[in-house]
Amino acid sequence: MTDTPVTDENRYDFRAIEDRWQPVWRETQPFRSSNEGDDRPTKYVLDMFPYPSGDLHMGHAEAYALGDVIARYWVQRGYNVLHPIGWDSFGLPAENAAINRGLDPRGWTEDNIAQQRASMERYACSFDWDRVLATHRPEYYQWNQWLFTRMHEKGLAYRKHSNVNWCPKDQTVLANEQVVAGLCERCDTPVTKKKLNQWYFKITDYADRLLDDLATLEGKWPSKVIAMQKNWIGRSEGADVQFRIEGRDEPIDIYTTRPDTLYGATFMVVAADSDLGAELVEGADAAVKEEFAAYVESVRAASDIDRLATDRPKTGVFLNRYAINPVNGERLPIWASDYVLADYGHGAVMAVPAHDQRDLDFARAMDLPVRLVLDVRDEDGNPVEDPATSGIAATGDGTLINSGDLNGKPKDQAIAEISADLEAKGLGAASRNYRLRDWLISRQRYWGTPIPIVHCDDCGEVRVPDDQLPIELPPAEGLDLKPKGTSPLGAATDWVNTTCPDCGKPAKRDTDTMDTFVDSSWYYMRYLSPNKTDGPFDAEDAKKWAPVDQYVGGVTHAILHLLYSRFFTKALNDMGFVDFDEPFSALLNQGMVQMDGSAMSKSRGNIVRLSEQLDEFGVDAVRLTLVFAGPPEDDIDWADVSAGATAKFLARAWRLARDVSSEPGVDPTTGDAALRAITHKTMHEAAELTESFRFNVVVARTMELVNATRKAIDSGPGAADPAVREAAEAVAVLLSMFAPYCAEDMWSMLGHENVARGGWIDVDESLLVEDTVTCVVQVKGKVRDRLEVPPSISEDDLREQALAAPGVVRALEGADIRTVIVRAPKLVNIVPA
RNA sequence: GCCCCCGUAGCCCAACUGGCAGAGGCAGCCGACUUAAAAUCGGCCCAGUGCGGGUUCGAACCCCGCCGGGGGCACCA
């Protein structure tokens, strides 16, 4: 105990190292990006900004470790890298904390931000701290309001009365995207419908571009995310067809993807909760009206969960009205049902029970006729059983029957002909529909960006002029923030009552606030000009940095945030504010951090606390463990990896720098050639691997280099060899991407300053060329011999040597040779006759 | 129901995208150093790539069919 006291100089002590470098970095700010007087090429690396909820957790740790590898790599490669951070700080948790604990949401939010920032600094995130933003601050949300008014001018922001998703617990509306399996995304309460006047962004105007431009992201975004966005937009190609309605002047349109089945329509169905349904029932007798009213009531009361049950029996009401089939003049009874959606297509369908499962289910429930108009065959070529008896709709391909002039024609041809025919007669037209709906952005909550609109009795909806922005949130003090279905801002009388910007008469402010996804849809642009006071961002800055070269974040935002950002960017492009129309050129999704096979959660009791891991193993070991665990997009099970083992590796690497005994600046070319070859090969490979996100492999290569260097010191050329210094410096440079504290300490021991800007070790190409390579010689695909050959060997020479190789001769046993496949210099395969 | 991704040593993962299945690590075992332990250093063990076919001189990789796991959409006409 008393002998050989260990000192900081010869033992790797991560706590001492963290304490040593944190204040230095705070001073030197090695990752401040420069806007002027810097001719390095630029890279914009962006991490999804966090919500300021308490402290950082393991998920943050992984995301920021990965973003850091990329940002630090490009700095090492000599780029001027912009790697900013901020806070997505509006939203319900702050407001709920305010309600439940009586805290001011501003104070709660700012405290959390301060805590997270301190943790990020300890975690050695390579952020540019001069560009921090937080969306709840007026300097930021002023520009939300400014952008909203631009959207409003272009007709992209509008208000409409409609059935919206309503969370009874949060007492607020939800966007479609925030309803997950019929439950509120945030609190898992079953979502109901409510008819309200709400603000929307017209994202559907961009549906085609949002879908088609995904092609430009192919290979640069995860294919999974691209697929999810395609699914979500849900474009469908079909036709609108006009049906006359008896007793109604105007015909109505229906949307169908199967105009070929027009002759098979036996009834029509309108959405029960649609305006059309209400109108059609007007002329009916009292009994029908009453039945309809009761039905609509029951539909409204049903939650989305009930509606989503796929095996739910079909229900509906006959409206006692008839439509006329345009192709054959048949009278089709009109029904109202909830299986037809009011807000898709035209809220009405022609029902072809023989060829559509939903229509068939309805027809069987209501005893309506079923008419086959397509001869559909099964695998054996036999006609399928009549859907009326089998209960299974014939949805396959076939040739037309019972369809007048179209009889005998194949499905695709029939679709084309009937579409052209309807179009010629003015009864129809090709049409597209989308699953995507307009984005509902208004919220009846306090903690968000006030909508910059004034409602005036005379002038109507009036935009607040730019010079009156921001419309700041009134103080929360004295307001009842409890959710009650209308915005708490309504109670801030002094705030609400204002004058009309147009006519000067008394008027009222809009009391809704914006969905926080508005805040995050353009924040990546604000980082470029965080202090600009006369616009959201500067055109010159945008030209210099945007769009984002590399975005890093969780797949949880695959649809919502990324779709909205893409929409905003395209709108900004159309308005001439930016010259690109995709915000994120490349995207990396990190996986989740789990524990014992499942996501960490309070209820499972399997939460791994980041702060405890950092205390026990150190920042570097935790970061390195997360990066080394596997490919970035894979989930990590913390139980499968060992931060302790990683810490040991770091100690091993650190000792290399400690042991180097040559002077800084010594000429490496005089050093051990074998070690140099390993060093340069490692640097060469590490660059390629890093750029293709295979960070775990980079770590493995670094481990190999460390092992080789150790061996060189202990049982090779020794600690004074210049190649050993070169190798140790390479290790420090590589580790600066993953384990910045350890790397900086090594760098310092090696007599240098600021490893983050230490630069990549220039790869000497001549060291990558090996003197000889091992050529595998196969006979019929089995390895029979190996040859040491020069890499430049010719095919003929190699063939000759291979055929003479003892193992080959033995295997051939004098047999004739059919072919010899030569892949110089690595492989020869001899195929006997 | 439709669409997408993934199955390689006991475990986490590599394999230049068709060319020797193993780079790195965990765990395990053995040894060196030590009075002993820790730390450190060295060594060893371990799969024929989920299963069945096919293409090919050659398949973990390409194709077809299963099995298992994960994910997205889903009454969208």
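A, B, ... follow the sequence lines: proteins, then strands. Residue 1 opens every chain.
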Legend entry - Rounded distance in Å between the C1' positions of B:G18 and B:C63: 14 Å
Inset, instruction - Determine if the base of B:U49 is syn or anti; take syn to mean the glycosidic torsion is within 90° of 0. - result: anti
Legend entry - Nearest-nucleotide comparison on RNA chain B, the residue closer to the 5′ end among A:Val783 and A:Ser236: A:Val783
Legend entry - A:Arg710/A:Asp659 salt bridge by N-O under 4.0 Å criterion: yes
Inset, instruction - Show your reasoning for whether side-chain contact (heavy atoms from CB on, under 4.5 Å) applies to A:Ser598 and A:Asn606. - result: CA-CA 8 Å; A:Ser598 50; A:Asn606 63 345; 3.6 Å; yes
Inset, instruction - Please state whether the phosphate of B:A77, meaning OP1 or OP2, lies under 4.0 angstrom from any side-chain nitrogen or oxygen of A:Tyr344. - result: yes
Legend entry - Residue A:Trp232, side-chain heavy atoms: nucleotide from B:A23, B:C73, B:A77 that is nearest: B:C73
Inset, instruction - Give a yes or no on whether a salt bridge exists between A:Asp13 and A:Arg15, defined as a side-chain N under 4.0 angstrom from a carboxylate O. - result: no
Can you pull every protein N or O that's under 3.5 Å from an N or O on nucleotides 36-40 of chain B?
unit_1	atom_1	unit_2	atom_2	d
B:U40	O3'	A:Arg655	NH2	3.1

Legend entry - Basic-acidic side-chain contact under 4.0 Å: A:Arg235, A:Asp208: yes
Inset, instruction - Could you pull out all residues at least two apart from A:Asp634 that satisfy salt bridge (charged side-chain N to carboxylate O under 4.0 Å, His left out)? - result: none
Inset, instruction - Indicate yes or no: does A:Asp397 engage A:Lys411 in a salt bridge with an N to O separation below 4.0 Å. - result: yes
Inset, instruction - Specify the residues of residues 252-265 of chain A, ordered by number, for which at least one heavy atom lies under 4.0 angstrom from an atom of RNA chain B. - result: A:Tyr255, A:Thr256, A:Thr257
Legend entry - Residue A:Asp356, side-chain atoms from C-beta onward, closest of B:G72, B:A77, B:G43: B:A77
Legend entry - Side-chain donor-acceptor contact under 3.5 Å, A:Thr774 with A:Glu788: yes
Inset, instruction - Round to a whole Å and report the spacing from CD of A:Gln594 to C1' of B:G70. - result: 10 Å
Inset, instruction - Tell me whether B:G48 sits syn or anti, counting syn as a glycosidic angle within 90° of 0. - result: syn
Legend entry - Proximity to the side chain of A:Ser642 - top-ranked nucleotide from B:C26, B:A77, B:G43: B:C26
Inset, instruction - Is it possible for you to check whether A:Lys314 lies under 6.0 Å from the centre of the six-membered ring of A:Phe362, through NZ or CZ, and within 45° of that ring's axis? - result: no
Between protein and nucleotides 1-12 of chain B, what N or O pairs are separated by less than 3.5 Å?
unit_1	atom_1	unit_2	atom_2	d
B:C12	O2'	A:Ala629	O	2.7

Pairs: protein N or O with nucleotides 28-34 of chain B N or O, under 3.5 Å:
none

Inset, instruction - Give A:Thr819 one of three labels, base, sugar-phosphate or nothing, depending on what nucleic acid heavy atoms sit under 4.0 Å from its own. - result: nothing
Legend entry - Minimum heavy-atom distance between A:Ala728 and A:Met746, given as atom pair plus value: O-CE, 3.9 Å
Legend entry - Heavy-atom closest contact (A:Met600 atom, A:Gln594 atom, distance): CE-O, 3.9 Å
N/O-N/O pairs, protein side and nucleotides 58-65 of chain B side, under 3.5 Å:
none

Legend entry - Nucleotide B:A23, atom P - distance to CG of A:Leu734 in whole Å: 20 Å
Inset, instruction - Indicate, with a heavy-atom threshold strictly under 4.0 Å, whether A:Val831 touches base, sugar-phosphate, or nothing. - result: sugar-phosphate
Inset, instruction - Grab the CH2-P distance between A:Trp638 and B:G25 for me, whole Å please. - result: 18 Å
Inset, instruction - Determine: side-chain N/O of A:Asn707 to OP1/OP2 of B:G25, distance under 4.0 Å, yes or no. - result: yes
Legend entry - 5′-ward residue of the pair A:Gly347/A:Met703 relative to RNA chain B: A:Met703
Legend entry - Any donor-acceptor N or O pair under 3.5 Å, side chains A:Gln613, A:Trp638: yes
Inset, instruction - Using atom NZ of A:Lys782 as one end and atom C1' of B:U56 as the other, report the distance to the nearest whole Å. - result: 16 Å
